[in-house]
Amino acid sequence: MEDIIGIISRSYKSYASSVWETITHPFGDYNYFTLLILVSLAVWGLELAFPWRKKQRAIRKDFWIDAFYMFFNFYIFNLIIFIALSNTTAHLFSNLMVVIGLPEKNVFDLSGWNPWLQFIVFFLIADFIQWSVHNLLHRVPWLWKFHKVHHSVTEMGFAAHLRYHFMENVFYKTTLYIFLGYLFNFNLEYAFFLHAGTILIGHINHANVGWDYGPFKYVLNNPKMHIWHHAKNLPESHPKGMNFGISLSIWDYIFRTNYIPSSGRDIPLGFENIEEYPRNFMQQQLEAFKTEK
Ligand SMILES: [Zn+2]
Ligand SMILES: [Zn+2]
């Protein structure tokens, strides 16, 4: 027990000092706070310069609630729960593996590989794991209740990217830890750029721009594809949803979960009975924990 308390307190101390560093040096190396603001402003600028739905307002419906979600999921959640949770989970998981008789961690050591090759392999595995988790969020009823927050956006814009229930952090990061952190050992020199790239792609996927990158649409997820993921009315061929891609679209094409029947520019977004879904942050967080009446 004492080592767990030690892990928690060390985790908070190092997180607190990195947050302080981030605030006091906004233009220091690898500043995530500045990154989030710059990427958001850039993609917002693209929406305003090349709007797909021309009548959509610059400050669209739910813009501010989504902006809050963005900082909550990026920072506040980490500060409150995740820092302690992730390091203790990793510690307990390693202990459990040893008890079972498996290696403590890092079954496959790729840390000596060429840095670019490590970068690409890490990105591909991480993206596929997230695609798989996203599928489960749609197919398992109690997980869908948490994921509904993300699908409660009815007017799409870049900030909807990080509108999701805080438990999604737990689902995604635990799975990523088990399959990437435990199984593999990477030495990622370019992790910051990986993060920057995925935030940029995710923001653009939700932005009010009508892009699909031509032939690259079969590899890269894009706004014209992701809008169908948010469709309110699901087709008979895909009753649990479609286009589950995070950064890459290739998994949907491989596993036949792709669906873009026409331009999705003006399709209704959300889910059945969305009119009854709560509209504010706190109620949306609590709604997922309620049992069915
Ligand atoms: Zn989804
Ligand atoms: Zn989305």
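One-based numbering, in listed order, for ligands and for the atoms of each. What's counted below: heavy atoms across the whole structure, side chains too, no hydrogens, waters or symmetry copies.
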So, do Tyr259 and His229 sit near enough that their side-chain heavy atoms are less than 4.5 Å apart?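 They are not in contact (no side-chain heavy atoms under 4.5 Å apart), so the answer is no.
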
Heavy-atom side-chain contact between His150 and His230 under 4.5 Å: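 Counting from C-beta outward, His150 and His230 do come under 4.5 Å.
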
Is there an N/O/S atom in [X] at a distance below 2.8 Å from the Zn ion (ligand 2)?
X: His151; result: no
X: His229; result: no
X: His206; result: yes

With a 4.0 Å cut-off, would you call Lys232 and Glu275 a salt bridge?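 Salt bridge flag = yes for Glu275 with Lys232.
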
Will you find, in the side chains of Asp127 and Gln130, an N or O donor that is under 3.5 Å from an N or O acceptor?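 No, because no side-chain N or O of Asp127 sits under 3.5 Å from a partner of the opposite role on Gln130.
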
So, 2.8 Å as the limit: is an N/O/S atom of His138 located closer than that to the Zn ion (ligand 1)?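 His138 does place an N, O or S atom closer than 2.8 Å to the Zn ion (ligand 1).
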
Does Lys148 make a cation-pi contact with Tyr277 (under 6.0 Å, within 45 degrees of the axis)?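 So Lys148 doesn't make the cation-pi contact.
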
For N/O/S atoms only: which one belongs to His226 and is nearest the Zn ion (ligand 2)?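 Of all N, O or S atoms in His226, the Zn ion (ligand 2) lies closest to NE2.
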
Looking at His150, pick out the N, O or S atom nearest to the Zn ion (ligand 2) and give its name.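 It is NE2, the N, O or S atom of His150 closest to the Zn ion (ligand 2).
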
